[in-house]
> 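The structure's right below; bear with me while I get my questions together.
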Amino acid sequence: MVRIYPKIKRGVNHAFLYLQKVGNGRHEHILVKIGETIIIEGGPSTGKTEFLKKTIRQLTENGEKALFVNAALPMSDWVKEFKLFGKNLDSRVDCLLRTLPDTFYLLIDNAEKITDSRKLELALLLIEKSRSSVIACSNFTHLISKLKVRLKDAKVHSLGAGADTFDVTYFVVAMLIIFVALTGSHSIIFLAAAFRYLFQGTRMGGRKV
């Protein structure tokens, strides 16, 4: 399993962000260069969001500006700090862009949720204006095509597929098949099919897909 951690090193005028990547028998320290975009891809429970939160915290503690965007939320949440009385969404976006720091790191989570033109336009603009950007997604191939084109030169770091799901109905059906074999009650196979659909989507720990 691959794990990734943020690490900050202070320079004369700025802090520099490094990725500490551990796994597969390797231990790497990767500098996030000025103007560079890093893609962190991985399935559920691979630690993408936690990595971004730690990165924001460490950047802030070292005096660097960081902007965090959760692309899974509505665009209005991206600019909720600018929710002034009587101001519409476009005005709040304009306010965000006017007040951006001269130098800032951009961190985007759930980038595969950028599926409409307004989110895409703002995300591309923020990437362009940022000092460097770190973008987390389930898989680079799941990104909208225009975003993939913009990020074609980005370095991709994969954390793996994540937690495997477990369908309890396989166990139920297996038990019913054994029962059928022992009793010869072939009609009970319909009950097995009913259980299969009843529990479809059940995941380990009782979570549903």
Side-chain angles (χ1 to χ4, degrees), residues 1-9 15-62 64-75 77-80 104-116 119-120 122-166 203-209:
M1 179 180 293
V2 176
R3 293 294 182 187
I4 196 163
Y5 309 93
K7 187 176 181 63
I8 306 296
K9 290 186 179 180
F16 292 89
L17 173 62
Y18 284 78
L19 306 182
Q20 188 174 2
K21 190 176 178 183
V22 181
N24 299 325
R26 302 178 65 183
H27 193 147
E28 302 176 77
H29 288 271
I30 305 161
L31 172 65
V32 180
K33 300 175 182 178
I34 295 175
E36 185 176 36
T37 296
I38 298 292
I39 305 292
I40 307 295
E41 64 173 19
S45 303
T46 50
K48 302 185 301 295
T49 300
E50 185 62 26
F51 165 75
L52 293 180
K53 289 179 179 179
K54 288 181 180 178
T55 302
I56 293 170
R57 184 167 62 250
Q58 290 191 25
L59 286 170
T60 302
E61 289 173 354
N62 282 274
E64 294 295 313
K65 301 295 184 181
L67 176 63
F68 175 75
V69 171
N70 183 353
L73 297 178
M75 192 169 160
D77 281 69
W78 297 18
V79 290
K80 61 183 179 181
F104 69 96
Y105 283 90
L106 174 67
L107 297 98
I108 300 179
D109 199 7
N110 301 305
E112 69 275 7
K113 300 298 183 181
I114 300 176
T115 55
D116 64 77
K119 279 186 176 182
L120 177 63
L122 180 55
L124 292 176
L125 192 54
L126 292 174
I127 292 170
E128 180 182 342
K129 290 180 173 293
S130 66
R131 178 192 183 190
S132 304
S133 54
V134 181
I135 298 175
C137 60
S138 58
N139 192 294
F140 181 75
T141 61
H142 296 165
L143 298 180
I144 191 172
S145 58
K146 289 185 178 180
L147 185 56
K148 282 193 292 187
V149 170
R150 170 61 179 81
L151 301 177
K152 61 182 176 62
D153 296 323
K155 294 182 179 179
V156 180
H157 298 276
S158 178
L159 303 183
D164 294 328
T165 60
F166 175 75
R203 297 180 63 184
M204 184 179 294
R207 294 178 295 170
K208 294 183 178 179
V209 176

> To the nearest 0.5 Å, tell me how far L19 CG sits from I38 CD1.
5.5 Å

> Could you grab the distance from atom NZ of K155 to atom CD1 of I30, nearest 0.5 Å is fine?
7.5 Å

> Taking CD in E128 as the centre, count heavy atoms belonging to other residues, nucleotides or ligands within less than 6.0 Å. Is the count above 12?
no

> Test your reading of the model: is there a side-chain donor-acceptor pair from N139 to the backbone of T141, 3.5 Å cut-off?
yes

> Is it true that a side-chain atom of K48 and a backbone atom of G42 form a donor plus acceptor pair closer than 3.5 Å?
yes

> Counting N and O atoms only, with roles assigned by atom type, does the side chain of E64 sit under 3.5 Å from a partner on the main chain of A15, one being a donor and the other an acceptor?
yes

> Which atoms form the tightest heavy-atom contact between L52 and F68, and what is the distance?
CD1-CE1, 4.0 Å

> Is it the case that over 12 heavy atoms from other parts of the model lie below 6.0 angstrom from the NZ atom of K148?
yes

> Could you check if a side-chain atom of I4 sits within less than 4.5 angstrom of a side-chain atom of L159, using non-hydrogen atoms only?
yes

> Hey, does L147 have a side-chain heavy atom less than 4.5 Å from the side chain of I127?
yes

> Would you indicate whether the side-chain heavy atoms of S130 and Y105 approach each other to under 4.5 Å?
no

> How many angstroms lie between atom OG1 of T49 and atom CG of N110, to the nearest 0.5 angstrom?
5.5 Å

> Any donor-acceptor pair under 3.5 Å linking the side chain of E41 with the backbone of F140?
yes

> Contact between L17 and V134 at the side-chain level, heavy atoms closer than 4.5 Å - yes or no?
yes

> Do K7 and H29 have side-chain atoms, one donor and one acceptor, less than 3.5 Å apart?
no

> How many angstroms lie between CG in L143 and CG in L151, if you round to the nearest 0.5 Å?
6.5 Å

> Are K9 and Y18 in a cation-pi contact, defined as NZ or CZ under 6.0 Å from the six-membered ring centre and within 45° of the axis?
yes

> Would you give the length of the straight line joining atom CD1 of I135 to atom CD of E112, rounded to the nearest 0.5 angstrom?
11.5 Å

> Can you find a pair of side-chain heavy atoms, one from R3 and one from F51, that are under 4.5 Å apart?
no

> Roughly how far apart are T55 OG1 and I40 CD1, rounded to 0.5 Å?
8.0 Å

> Hey, are the side chains of L107 and L67 touching, using non-hydrogen atoms and a 4.5 Å cut-off?
no

> Could you pull out the closest heavy-atom pair between G35 and S132, with the gap in Å?
N-OG, 3.7 Å

> To check you understand the geometry: which heavy-atom pair defines the closest contact between T115 and I144, and what is its length?
O-CD1, 3.7 Å

> Does NZ or CZ of R131 fall inside the cone over F16's six-membered ring, less than 6.0 Å from its centre and within 45° of the axis?
yes

> Are L73 and K80 close enough that some pair of their side-chain heavy atoms sits under 4.5 Å apart?
no

> Would you check if I108 and S133 make a side-chain contact, meaning some heavy-atom pair closer than 4.5 Å?
no

> Is a donor on one side and an acceptor on the other found under 3.5 Å between the side chain of K119 and the backbone of A71?
yes

